[in-house]
Visitor: 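Once you've had a glance at the structure underneath, I'll fire off some questions.
FYI, the numbering just counts along the sequence from 1. When a ligand or atom number is given, it counts from 1 through the structure's own listing order.
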Amino acid sequence: MQVIELGDGKPEVAVVGGIHGDEPCGPIAINRLLAEEPSVERPVKFIIANEEALEAGVRYLDTDLNRAFPGDPDADLHENRLAYDLAREIQDCTTLALHSTQSYADPIGVIKSFDEVARAIYPRLPVNVVIETDEHTDGRLIEYPHTIEVECGLQGTADAADNGYELVRAFLVATGVLRQDKDETRLDAPERDEVSVFRLEGPIPKPEAERYDVLAENFTKVDAGEAFARADDDEIVAEKSFYPVLLSPNGYESIFGYVSKKVGTVE
Ligand SMILES: [Zn+2]
């Protein structure tokens with residue numbers, strides 16, 4: 001784990017990239033920002049989490065780091081030890097963790113539940129949708145208070161790295177680390193005045209098959225009776241209507257993604 005601090009004093013703001021070694025957007029975004037040698041209004045730390053997995057170009061060495069919190073300093077598995085160390089690094093910080101998916105090209109926010117920090121920050125980030133995981137956190141970093149995640153875009157793409165950079169800048173402005181540059185024109189910033197919130201209700205299991213397809217769009221309602229995915233030649237039909245989130249054919253080993261409910265908007 002690499003930790004770089006800017007500014008004087010103990011940082012209360014943190015940015016984390018590289019929790020998954022096959023998601024280079026976070027480390028690229030962080031290194032791009034650091035290369036600019038920005039002057040900061042308050043101390044901040046940048047963390048490249050799983051250097052070993054990044055080096056190997058794999059999601060993880062022993063186990064998924066973002067299912068391993070709170071971790072254990074004496075564990076046999078690399079990611080279980082790393083989870084413990086990372087959790088201590090972000091303690092007492094307002095934290096942004098950068099990820100990417102195989103399911104959606106635009107940025108998505110992910111949060112356990114809307115606390116005052118998330119409510120203040122998300123509307124200031126270039127995201128249109130936020131997923132609230134509620135109790136489905138399963139050892140993710142967002143179990144910690146004042147911690148928000150963003151999915152920057154599609155895994156391994158230049159767009160995901162560009163989005164990641166914009167998200168880090170916006171987060172650092174929202175937390176008072178960077179001053180908003182008045183001359184900065186964000187012509188490509190998405191037009192938006194509210195953030196839609198989707199609450200996770202549970203995973204969508206994958207039956208045993210050789211080949212998977214998805215037929216539905218993320219964040220778009222699937223009606224009862226509609227086929228939303230395929231396993232080999234079998235169509236999988238919705239029993240009840242739902243909004244799919246993080247839905248992709250091969251993004252996860254044993255699930256397609258998640259069933260969610262649209263719960264409202266935050267402005
Ligand atoms: Zn990830």
Visitor: Under 2.8 Å from the Zn ion (ligand 1), which protein N/O/S atoms are there?
Guide: His20 ND1, Glu23 OE1, Glu23 OE2, His99 ND1
Visitor: Does any part of the side chain of Val150, heavy atoms only, come nearer than 4.5 Å to the side chain of Ile108, both counted from C-beta?
Guide: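 With C-beta onward as the side chain, the pair stays apart.
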Visitor: Which pairs pass ring-ring contact (aromatic ring centres under 6.0 Å, His included) with one or both residues in residues 12-61, sequence neighbours excluded?
Guide: His20-His99
Visitor: Using a 3.5 Å cut-off and no angle test, enumerate the donor-acceptor pairs between side-chain atoms of residues 152-161 and protein atoms at least two apart in sequence or in another chain.
Guide:
unit_1 : atom_1 : unit_2 : atom_2 : d
Gln155 : NE2    : Asp22  : O      : 3.3
Gln155 : NE2    : Asp22  : OD2    : 3.1
Thr157 : OG1    : Leu154 : O      : 2.7
Thr157 : OG1    : Ala160 : N      : 3.1

Visitor: List the residues meeting side chain to side chain contact (heavy atoms under 4.5 Å, CB included) with Gln2, not counting sequence neighbours, and say none if there are none.
Guide: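 For Gln2, the residues satisfying side chain to side chain contact (heavy atoms under 4.5 Å, CB included) (neighbours in sequence not counted) are Ile4, Ile48, Glu51.
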Visitor: Is there side-chain contact between Arg59 and Asp64, with heavy atoms separated by less than 4.5 Å?
Guide: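 Contact flag for Arg59/Asp64 side chains = yes.
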Visitor: Examine Lys206 relative to Tyr212 and say whether NZ or CZ is less than 6.0 Å from the centre of the six-membered ring and inside a 45° cone about the ring axis.
Guide: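 The answer is yes, since Lys206 meets both limits relative to Tyr212.
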